[in-house]
Amino acid sequence: SAAGKYTIGISNTVQGNGWREEMVCAMKAQALASGEVTKLNIAHRNTDAAGQLEDIRNLISAKVDAIVVNPADPAGIKAGLEEATKAGIVVVAVDQAVTEPSAYIISNNQEQYAYLGAKWLFQQMGGKGEVFYMRGAAGASADSDRDKGFKKALAEFPDVKVAQEVFTGWQQDQAKQQMLSFLATGTPFNGVWTSGIDNVIVDAMVESQAPLVPVVGADNAGFVGQLSSVKGLVGAAVTNPGSIGGAGVTLALQILDGKKPAQQTVLVDPQLWENATEEGKAKLKGAADPSLSPEWPVSISIPDWTTYTKEQIVACKGPGE
Amino acid sequence: MSHLLRRQGWVLGLFALFVVLFIVTRLIQPAYGSNDFGSLVRAVLPYAFAVAAQTVVVIAGGIDLSVAAMMALTSVTAASMMAGASEEYALFVVPFVLAMGLVLGALNGLLIVVTRVPDIVVTLATLFVLQGAALLVLDAPGGAAAEWLKALISGTVPIPGLPDAIDAWLPKALLVLAVCLCIVWIPLRRSRLGLSIYAIGSSELAAFRSGVPVKRTRIIAYALSGLFAAMGGLALTMSTGIGAPIPGPYLLASVAAVVLGGVALGGGKGGLLGPIIAVFVLRLVRTDLTLLAIDPNVTAIIEGLIMVAVVMFGAFITMRGRQ
Amino acid sequence: MTTSPLLDATGVAKNYGAVAALRNASLSVLPGEVHALMGANGAGKSTLVKILTGAISANAGRILIKGEARDIRSPAAARRAGLLPVYQEPSLIPDLDVLSNLRLTGTPVEPFRAWVRELGIPDLDIRDTARDIPLAVLRVLDLARALAVEPDVLLLDEMTAALPANLAEKVLEVVRRQGDSGRAVIFISHRFVEIAALCDRATVLRDGETVGVVDIVPGVEEKIVELMLGTRIVKTHIAARTAEQKAAPAPARPRIAVRDLRVGTKLADVSFDLADGEVAGVVALEGQGQDELFAALAGSIRPSGGTIEVDGQPVKFSHPIDAIRAGIAYVPGDRSEALAMQRSVRENIALPFSAALRNWGPIPIRRERAKVLSAIERLQIDTRAQGEVQRLSGGNQQKVTIARWIAADARTILCFDPTRGIDVGTKQEIYKLLRELAGNGKSVLFYTSELEEVQRVCDRVIVIFGGRVVDIFTVEEADEPALMRAAYGLPRGAEADIGILADPSSPSATAPEPTP
Amino acid sequence: MSTSAITPPPVPLGRRVKRFMADRPLVPLLILLVVLVVILQILRPGIVNERWIANTIKFAIPLAILAGCQTMTMLTGGIDLSVGTVATMSAFIMATQIVNQDPAVAFLLAMMPAVLIGLVNGIGVGVFRVHPLIMTLGTSLIGTGCLQVYQRTVIASGAKIPDFLAWLGTGVTRLPEAWVPSEPARQWLADTGIGFAFPNALLLYVPVAALIVFTLARTGFGRLLYAVGDNEHATRLSGVRYWQVITALYITSSVLAGITGLLYIGLIKAPSLSLAEPLVLPSVAAAVIGGTSIFGGRGGYTGTVVGALILTVLTTLLTILQMPEGARRMLFGLIVLFVTAAYLRIVEER
Ligand SMILES: Nc1ncnc2c1ncn2[C@@H]1O[C@H](COP(=O)(O)OP(=O)(O)OP(=O)(O)O)[C@@H](O)[C@H]1O
Ligand SMILES: Nc1ncnc2c1ncn2[C@@H]1O[C@H](COP(=O)(O)OP(=O)(O)OP(=O)(O)O)[C@@H](O)[C@H]1O
Ligand SMILES: [Mg+2]
Ligand SMILES: [Mg+2]
């Protein structure tokens with residue numbers, strides 16, 4: 001392919017999480033597949049907004065042509081993004097919105113994500129009953145966005161009550177222990193909403209032989225597999241594609257090539273794959289991918305936005321590697 | 001001169017390392033200039049305060065695991081107080097938050113002195129308490145910072161009469177850092193109190209016998225640590241314009257930089273300059289790793305290796321010195 | 001007397017758990033006097049000094065300063081009351097330089113410098129870190145620091161013990177002048193010569209109680225000794241050793257042969273033999289290299305020259321385990337160096353059993369118990385509080401350090417002042433034990449700071465001065481005056497006075513090396 | 001040497017109780033555990049049942065083993081912060097290697113980094129005298145980095161939890177009812193809901209715990225750990241080579257952490273790159289609550305086990321409480337501090 005002409009910087013602040021790893025791999029794969037990128041410059045570590053500012057400024061120093069960033073906080077990195085734009089760098093935020101007006105945003109709609117799943121769940125519950133609400137990490141902005149969506153759905157179903165609200169910290173072990181403790185209390189409940197830590201929850205219910213109630217999770221490979229294989233499990237996976245990273249690279253390249261999008265913000269709306277209907281089951285079957293790591297979302301590509309193959313994203317190699 | 005060399009040998013070595021790294025940076029990225037240096041200083045800011053907070057208690061023979069949580073709490077407090085408030089209100093917020101750090105730090109010290117539970121356990125407990133308090137103040141990142149506070153660390157110091165080319169290398173953030181640290185540290189270092197902090201870290205018994213009020217000094221050391229941590233929290237709010245209730249990676253970084261900076265984890269030895277330079281070195285290493293576009297997964301290995309290698313090297317030197 | 005005392009303490013008591021360090025001590029010091037505080041080891045002198053200067057708090061007692069009742073709760077309070085100590089252990093902060101140490105205690109620098117010069121250290125660099133300064137100099141600095149604030153009462157705890165003769169002499173001069181200028185000095189020393197030359201009166205402590213106050217006049221020594229030892233005055237002509245206890249004629253090959261041993265600047269050209277079945281004494285003043293000699297033989301430090309032969313084989317020890325494998329065990333003088341204080345008597349005694357890698361597995365409990373019990377019995381260790389060694393009395397702790405090597409059946413035992421701070425009864429048991437060991441064909445090297453012990457235990461005495469062996473006596477020749485003279489580096493038979501007037505040009509009397 | 005003629009005054013009850021507890025430090029801990037369980041039962045009547053007990057034990061076990069690592073290192077005055085990384089590494093490697101490898105080979109591969117990190121820790125601390133905190137922190141950073149590099153090479157092959165580990169981690173075995181001698185007893189047990197089932201993890205844990213207790217109490221190595229932490233100089237004079245003890249210690253600690261990782265992956269069944277990290281600080285807390293001195297020389301494993309149980313129950317308790325997350329964390333910190341302080345007071349009273 002062509003040698004490429006752009007250097008793209010990437011900044012991400014959560015390391016060691018399946019979703020984020022997929023996102024980074026999608027970025028690499030898309031950069032490779034596009035043939036327009038000479039080099040990726042990736043800052044990928046566990047840090048906070050201040051640390052991300054540091055990374056963004058380092059990328060500015062490295063004179064990249066564009067920066068694709070998954071913001072630690074929408075407002076916290078405004079200054080850095082502004083500096084980047086001033087330096088003539090194209091800035092694209094993925095996964096979450098940012099407040100810097102000059103930045104382009106291609107994002108999963110977190111509020112919609114929660115609303116969609118919760119609404120489906122409450123419908124499954126017959127519009128009444130108790131729900132076990134398993135949130136993400138206390139204090140994270142994605143978590144509070146999702147909380148808004150959840151609360152919105154809750155407001156639409158006045159007979160649905162929250163039996164218990166816990167923070168899983170997006171940690172598998174903690175979530176599982178919380179679920180098992182909750183089951184042990186014998187509190188009646190009719191559904192579980194999880195913020196993406198889902199397969200351990202199903203495991204916990206199966207292991208303790210508790211009656212299976214509807215579960216809503218994300219499209220992680222493990223959970224999607226469970227939705228087709230665990231007998232008696234009714235549930236839905238809401239897509240939250242990590243491949244949004246690839247889309248971010250595509251958007252950045254389009255802008256560099258002078259094809260600016262109509263709007264500053266492109267929202268990728270989540271889809272819901274449920275196993276309550278035949279139609280849903282078929283969708284799930286198509287999406288299921290047992291060869292993926294259970295923590296990886298199965299939606300490894302976004303139509304119109306990504307052009308890499310599955311082999312490319314799984315190989316996780318960028319240009320020049 | 002030989003005194004200076006012997007005493008500050010480690011610090012001078014670190015400084016030399018920094019200079020070498022700086023040259024390397026220029027080689028990697030010939031365009032690396034004053035703006036980029038300003039970025040470096042701004043990145044250093046919260047780490048530097050965290051390290052200062054850790055240094056004071058380590059010199060006093062203790063350790064403070066609650067540094068990062070304290071920064072988070074003070075940061076969200078400042079950010080939530082300034083949200084929607086006037087610019088002038090921030091004039092009140094800043095001293096309030098600093099006082100809060102001082103008091104909470106003193107509380108740490110008081111708990112250690114009163115309960116006689118080892119410091120590492122007390123501060124581990126307060127880590128949870130402060131983190132919890134931060135979440136109560138703001139349950140998600142938010143708040144705001146006054147514009148003048150944000151401006152305080154961006155841009156350079158215009159010194160009249162100085163050519164712009166030199167002026168550009170004097171970022172405001174550096175001035176803020178130097179002023180904040182010096183205002184506390186220099187008078188402290190020169191005072192009886194400062195000596196007392198070194199004394200209790202060096203030998204509690206000897207300090208007591210020299211008339212040092214050991215308990216009070218320990219409490220003050222933790223209070224100062226709280227004060228520095230509060231400065232760190234403010235620095236976070238100033239640079240990001242928000243407060244985040246989840247602590248950043250400042251605890252481990254502070255311990256590492258303290259050790260790299262030549263402050264013995266047993267107490268009594270070292271100064272503030274070493275750890276601060278160590279922070280600059282560590283941040284510059286990160287810059288270089290980014291500039292070189294090193295595989296991000298390898299950077300963790302490199303950072304760990306640097307830490308272990310430098311500390312082992314230090315231990316090796318002291319062993320050689322003893323023989 | 002009409003003058004009222006500067007300092008007047010009565011009925012002072014201090015308990016450490018079950019140990020009564022002080023029971024009923026009193027001390028009254030007049031302005032202008034140098035007052036000796038005397039007593040056997042462990043009598044409570046240091047404890048009294050610490051109480052008077054606020055370093056520890058008393059359980060009972062009343063302290064009057066210039067006639068006023070004062071409650072001294074901290075060293076700082078004592079300073080304000082005009083009481084300044086120089087403790088037995090250096091109290092400069094190790095990681096601070098001298099100047100900072102002065103600032104810490106609010107000591108004026110110029111007077112301090114003047115005193116340091118006066119005390120015989122002309123070239124002190126006050127930017128030196130305390131940790132890097134030799135012990136003897138540190139003691140002098142401690143004193144100068146105290147002097148510089150012109151205290152009303154200066155308390156010197158065994159100030160001269162670790163000093164070379166020339167420095168000691170300077171100290172004595174200075175102290176004398178303090179008395180002359182109307183201030184008071186409380187002076188603790190075990191050296192009669194110093195007391196005689198310096199002090200006006202002496203308070204004698206025995207088992208934590210003041211048993212007498214005497215004026216220092218010629219010939220008062222006997223009386224003081226009597227007071228110090230009380231009814232236990234077994235001191236004299238013991239002949240505790242009968243003829244049979246004496247060693248058999250030396251066998252052809254020595255157990256240990258030391259030749260030209262050198263350790264840094266501390267020990268030079270030391271040569272001697274130690275035979276099986278022999279107890280060889282080592283006598284030396286503080287800091288003459290005996291510590292290094294024992295440490296080198298025990299494998300704790302590496303000698304810088306010379307040879308050590310064990311059973312005719314040259315050996316090089318790089319770790320104590322090497323010495324232990326060669327059958328040489330070391331009992332340090334400081335119990336806290338040898339014991340794991342929070343562990344049980346049994347574990348402490350059995351510690352060497354587990355040292356080697358191959359013995360890390362399961363412990364043969366029965367065999368261990370048998371060995372430990374027999375050692376405990378042999379030393380008659382009081383095992384009522386055996387769960388933690390720190391709860392044992394000092395004497396029993398000391399016995400544990402020795403019992404360890406009895407249980408391990410070491411062939412040679414290096415005992416460094418094993419009777420330091422323990423009572424007369426226990427001392428007798430230890431003497432007996434050492435003789436028994438020799439009788440069983442083991443060999444013992446025995447350093448003692450109490451000259452009279454030599455007569456009771458040793459077959460031969462090696463006297464060390466300034467890092468060199470100055471003389472080797474047989475037990476018959478080793479009377480106290482002879483030993484004392486030798487210990488001061490004086491040739492045998494010379495009639496020079498000892499103590500203050502010892503020849504300043506003798507090897508040890510050189511000033512400590514100037515620090516770079 | 002005179003015996004006192006005065007008979008000692010009668011000791012007040014409070015002091016007697018305190019002294020009783022001081023001599024049996026496990027008693028106050030067990031009391032605290034029971035109190036927590038009772039509070040839990042009051043807050044959520046019926047929660048304390050067979051299933052809950054089994055779950056609590058399952059989650060307490062990995063914590064207890066890691067706390068065992070901390071106990072042993074703390075006895076020598078050290079600390080091992082790399083246990084989380086080591087456990088995660090062995091878990092992750094096991095789950096990914098089992099896909100293509102023989103189980104035995106996968107096991108060996110999984111334990112390799114554990115041994116290696118333990119060795120490096122041991123040499124750093126024992127030979128170079130690096131502070132254990134820094135040393136183990138550094139190796140854990142390196143380990144995490146290596147793991148991240150490694151995981152990229154295995155994304156394609158996916159991961160699998162070996163059935164055996166899942167059985168061990170999550171399984172519960174029912175004892176044959178025939179083992180209970182009489183029908184009424186059987187009935188009673190069934191009614192109260194106790195005693196018929198035990199978590200399979202105990203099959204691994206009981207021997208491991210017994211081994212740790214035995215090692216500390218009855219082996220030369222255990223002795224040396226206490227002695228080295230109490231007085232290193234004394235052990236040197238007794239012929240102990242410090243570096244040998246420390247190196248062996250950190251290797252042991254790492255291997256135990258590796259085994260914990262395997263057990264934990266069987267329990268959680270989701271390999272992730274930060275699997276066991278959240279257990280590190282609680283493992284230190286469990287050892288401290290269990291009465292092991294962070295300065296070395298004092299403590300034991302039985303207290304640690306109770307400490308781990310206390311923390312696990314406390315976590316449940318706080319989860320059940322309906323209060324903001326922040327308040328929950330504050331409460332957790334305060335309780336840990338309070339328990340440690342109270343416990344120190346009781347034990348020091350001798
Ligand atoms: N911290 C302590 N804990 C327990 N016992 C102690 C402590 N300090 C001193 N003692 C005991 O108190 C007694 C008096 O000790 P002190 O140090 O006052 O004796 P001393 O007269 O100064 O002896 P020396 O001449 O050997 O210095 C001794 O039996 C000693 O073992
Ligand atoms: N804290 C304690 N707990 C239990 N028993 C103790 C404690 N302290 C001392 N004992 C017991 O009391 C005995 C006498 O102790 P004490 O310290 O009074 O002896 P001592 O007369 O000073 O002997 P020595 O001259 O050997 O020091 C000890 O051997 C020990 O068995
Ligand atoms: Mg004394
Ligand atoms: Mg005693």
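Note: hydrogens, waters and symmetry copies are ignored here, and every other heavy atom, side chains too, is used. In the text below, chain A, chain B and the rest are named by the order of the sequence lines, each starting its count at 1.
- Contact annotation for D/Thr88: neither backbone nor side-chain heavy atoms come within less than 4.5 Å of a heavy atom of chain A.
- Each of A/His44, A/Arg45, A/Glu21, A/Gln15 was compared with D/Gln148 under the side-chain hydrogen bond (donor to acceptor under 3.5 Å, both in side chains) criterion, and only A/Gln15 meets it.
- Annotation for A/Lys310: atom NZ counts as buried by contact number, over 12 foreign heavy atoms lying within 6.0 Å.
- We find the OG1-CG distance between D/Thr316 and A/Leu180 to be 9.5 Å, quoted to the nearest 0.5 Å.
- Atom OG1 of D/Thr312 is separated from atom CD of A/Gln177 by 6.0 Å, given to the nearest 0.5 angstrom.
- Contact annotation for A/Asn199: only side-chain heavy atoms (C-beta onward) come within less than 4.5 Å of a heavy atom of chain D.
- Contact annotation: the side chain of D/Arg51 never approaches that of A/Glu207 to less than 4.5 Å [non-hydrogen atoms, C-beta and beyond].
- Taken from CZ in A/Phe182 to CD1 in D/Ile47, the straight-line distance is 10.0 Å, to the nearest 0.5 Å.
- Neither the backbone nor the side chain of A/Ile313 comes within less than 4.5 Å of any heavy atom of chain D.
- Remark: the backbone N or O of D/Leu267 is paired with a side-chain donor or acceptor of A/Lys176 at under 3.5 angstrom.
- Both the backbone and the side chain of A/Gln172 have a heavy atom closer than 4.5 Å to some heavy atom of chain D.
- To the nearest 0.5 angstrom, D/Thr319 atom OG1 is 5.0 Å from A/Gln178 atom CD.
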List the atom pairs, donor and acceptor, that lie under 3.5 Å between side-chain atoms in residues 38-46 of chain D and the rest of the protein, sequence neighbours left out.
from    : atom 1 : to       : atom 2 : distance (Å)
D/Gln41 : OE1    : D/Val48  : N      : 3.1
D/Arg44 : NH1    : A/Thr187 : OG1    : 3.0
D/Arg44 : NH2    : A/Gln164 : OE1    : 3.4

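- Contacts of D/Pro62 with chain A are absent, with no heavy-atom separation under 4.5 Å from either backbone or side chain.
- Contact of D/Leu147 with chain A is not made at all, since no heavy-atom distance falls under 4.5 Å.
- Not a single side chain to side chain donor-acceptor pair (under 3.5 Å) links A/Asp73 to another residue, sequence neighbours left out.
- In this structure, OG in D/Ser272 is found 8.0 Å from CG in A/Asp173, a value given to the nearest 0.5 Å.
- A/Val200 and D/Ile268 get closest at one heavy-atom pair: CG1-O, 3.3 Å.
- When heavy atoms are compared at a cutoff of 4.5 Å, A/Ala137 does not approach chain D at all.
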